[in-house]
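Here the structure comes first, spelled out in C-alpha cells, and everything after it is commentary.
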2 protein chains.
Amino acid sequence: MSRVGYHHGDLRASLLASALELVETAGPEQLSLRAVAREAGVSPNAPYNHYADKAALLAALALHGLEQVRESMVAAAAAADPGDEIFAITAAAVRHALARPGLYRLTVAHMCGDDPRIRAAEDAVRAVVAGGVAATTGGSGADALCAGVWALAQGLTLLLVDGALKPAPHQTVDDFVRATVQATLTAGAAAPVAVEGRR
Amino acid sequence: MSRVGYHHGDLRASLLASALELVETAGPEQLSLRAVAREAGVSPNAPYNHYADKAALLAALALHGLEQVRESMVAAAAAADPGDEIFAITAAAVRHALARPGLYRLTVAHMCGDDPRIRAAEDAVRAVVAGGVAATTGGSGADALCAGVWALAQGLTLLLVDGALKPAPHQTVDDFVRATVQATLTAGAAAPVAVEGRR
DNA sequence: CCCATATGTTGACAGTGTCCACAATATGGA
DNA sequence: TCCATATTGTGGACACTGTCAACATATGGG
C-alpha cells in the first residue's frame, strides 16, 4: 500500500483495487479518476502511465467484473445438481451483482460501448449460459431459449439491484430467484395459449 | 425556440426537450447541464430556477421515459390478440428502448436511486406487466410469473440495446422477441427436469 | 558507468456543477 | 394606476474534474 520510494511497484493493479473500492462507496457516477489516484496515494496524472484515459480504467474495471461473474457462474454450474444448472447460474449472477452493486452498475453502463474485449467477455458469459441451458434441457438448447434465459438472468439482476423487485419477507434471494425462474420457464404449461406458434 | 424578451415562457419544458435531444446525440454520460442550457438558448444557471440540480433534471427525464414506455405498453396490450399480451408488451418495451437508446440508458441508470416518483412510475410499469400476464394466462398470474416476465422483458431490452443480443439476419426485432419469449415460457415442457419443485 | 526507457510529479487549461449577488420582468393589492 | 414583491434569467466566482505538456526520478541493459 504505502510506497517506499518514488516508484510504486504495481500501480496498475493498485489503481484497479482502489477503483473497485471507490465504485462501491461513491457509486459509479461519482467515481473520479483523481479520487482513484488519491486513494492509491499517487499524483492525479500517474494513472495515465497505465491507462489511456478514464474510460480505459473503467473498461478494465468492467472487464474485471464480467470475468469475475463468469467465474462465479461456472463454479455454480459445476456444483449444481444435474438439471438445476439454469437456476444455479442465474442465482450466481444475481448474488454476484448484489454483493457488488456499484461494480454491476458500472459494468452495465459499459456494456453498450463497442470495446472488443468487453464484447468478448460478454460472449464468454453467454457461453456459460448456453452450457447451462444445454445441461438442464438435456440436448443443446435452442438459441432462442439461451437468449431468453440469459435475458431473464440479466433482468432479474437489474431489477433486484434497483430494488424494483424484492423477495418477500423471510424469503432468501436464492428462493426468490428459483421461484421466479421456475414460474417463468413453466408458464407455457399453465397458459397453453401462449404456446401456440403464433407465426 | 427563440426567445422574444428576457423571459422564456416555458423553460421547464424547453429544458426537458433539449435534454431529450442531447441524451440521444451526446449519450447519457456526456450530457451536461450547461449544454442543455446552451441548447435551450439560456444562461448556465437558468435551469436552477426550475430544477434543484442536475440530478433533478435527469430524474425528470427518466420519469418521462418511464411514463412514455408505460403508455406504449398499455397501447400494445390493448391492440394485442387475446392471449398474446405478454409478447405484445415485451415487444413494445423493446421497441421503445431501441428507438431512444440514450433515454433508455439514462432511465436504467436512474432506477437505482430512491426517488419516490421514479419508484412509483416503475410500479406502474410493473402493473401493466401484471395485467398482461393475467390476460394471457387467463387467471390472475402468480406473482412469481409476473416478476419473471418483467425481468425477461427488461433483460431482453438491455441486451438488445447493448448489441449483446442481435436478431438473426432478416429477422425483425419483433420476430426475435416473440421467438425468445415463446421459447422461454415453454421451456418447461421440453425440459421436465426443470419443472420439478426442487424446493 | 551511463544512458534509454518506464514511471511519477508539477503546472496549466478548458469544461463542469453549483453558489451568490444582481437585473429584468411579471403580478397583484392599494 | 402604481409600486412592492415574487418569479425568472444573468454574470461572476469557486472547487473540482479530465487531460496535456514539460520535467524529475528510478531502473536495467550495453
Side-chain angles (χ1 to χ4, degrees), chain A residues 1-62 102 105-106 109-110 112-113 115, chain B residues 1-62 102 105-106 109-110 112-113 115:
Chain A
M1 285 298 175
S2 68
R3 230 170 344 151
V4 290
Y6 187 94
H7 282 257
H8 181 116
D10 186 5
L11 192 96
R12 184 175 207 106
S14 202
L15 286 172
L16 257 188
S18 298
L20 206 53
E21 180 185 338
L22 284 178
V23 82
E24 298 300 340
T25 64
E29 329 279 350
Q30 306 299 331
L31 198 166
S32 92
L33 192 54
R34 287 172 114 107
V36 173
R38 240 165 358 228
E39 173 84 12
V42 96
S43 90
N45 285 335
Y48 285 93
N49 287 310
H50 301 271
Y51 298 97
D53 53 7
K54 180 184 182 183
L57 209 195
L58 298 194
L61 210 64
R105 299 216 279 135
L106 182 140
H110 276 253
C112 306
D115 185 322
Chain B
M1 285 300 176
S2 68
R3 232 174 338 154
V4 289
Y6 186 94
H7 282 237
H8 182 116
D10 186 6
L11 197 112
R12 184 173 207 107
S14 204
L15 287 171
L16 259 188
S18 299
L20 205 54
E21 179 185 338
L22 285 179
V23 82
E24 298 300 339
T25 63
E29 329 279 350
Q30 307 300 332
L31 197 164
S32 93
L33 191 54
R34 286 172 116 105
V36 172
R38 243 169 350 234
E39 174 84 13
V42 96
S43 92
N45 286 334
Y48 285 92
N49 288 311
H50 301 271
Y51 298 98
D53 53 8
K54 181 185 182 182
L57 209 193
L58 297 195
L61 211 64
R105 300 217 279 136
L106 182 141
H110 277 252
C112 307
D115 185 322

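Chain letters run A, B, ... following the sequence lines, proteins first and then strands; every chain starts at 1.
- Checked against dT8(D), dG8(C), dT19(D), the side chain of His50(B) finds its nearest nucleotide in dT8(D).
- Residues Arg105(B) and Glu29(B) approach most closely at NH1-OE2, 3.7 Å, considering heavy atoms.
- Nearest to the side-chain atoms of Ser32(A) among the listed nucleotides dG18(D), dT19(D), dC20(C) stands dG18(D).
- With rounding to whole Å, Leu57(B) atom CG is found 15 Å from dT16(C) atom P.
- Remark: side-chain polar atoms of Arg12(A) are paired, donor with acceptor, to backbone N or O of His50(A) under 3.5 angstrom.
- Regarding Leu11(B), its CG atom lies at a distance of 9 Å from the P atom of dT10(D), rounded to whole Å.
- Contact annotation: the side chain of Tyr48(B) approaches that of Leu33(B) to within less than 4.5 Å [non-hydrogen atoms, C-beta and beyond].
- Listed by residue number, the members of residues 18-27 of chain B with any heavy atom below 4.0 angstrom from DNA chain C form an empty set.
- Nearest-nucleotide assignment on DNA chain C puts the 5′-proximal partner with Ala46(A), out of Ala46(A) and Arg34(A).
- Protein atom OH of Tyr48(B) is 12 Å distant from nucleotide atom P of dC20(C), rounded to whole Å.
- Atom C1' of nucleotide dT7(D) and atom CZ of Arg12(B) are separated by 13 Å, given to the nearest angstrom.
- With hydrogens and angles ignored, the 3.5 Å screen pairs a side-chain donor or acceptor of Lys54(A) with a backbone N or O of Leu31(A).
- Rounded to a whole Å, the CG atom of Leu31(B) is 13 Å from the C1' atom of dG17(C).
- Glu39(A) places no side-chain N or O within donor-acceptor distance of the main-chain N or O of Ser18(A), the cut-off being under 3.5 Å.
- Comparing Asn49(B) and Asn45(A) against DNA chain D, the residue whose closest nucleotide sits nearer the 5' end is Asn49(B).
- Protein atom CG of Leu15(A) is 13 Å distant from nucleotide atom P of dG18(D), rounded to whole Å.
- Atom CD in Gln30(B) sits about 15 Å away from atom C1' in dG17(C), given to the nearest Å.
- In summary, of the residues considered (Leu61(A), Asp115(A), Leu58(A)), a side-chain contact (heavy atoms from CB on, under 4.5 Å) with His110(A) occurs for Leu58(A) alone.
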Side chain to side chain contact (heavy atoms under 4.5 Å, CB included) between Leu16(B) and Tyr51(B), worked out: CA-CA 10 Å; Leu16(B) 259 188; Tyr51(B) 298 98; 3.6 Å; yes

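- Whole-Å rounding puts the Glu29(A) CD to dG18(D) P distance at 14 Å.
- Here Arg38(A) lies in heavy-atom contact (under 4.0 Å) with sugar-phosphate atoms only.
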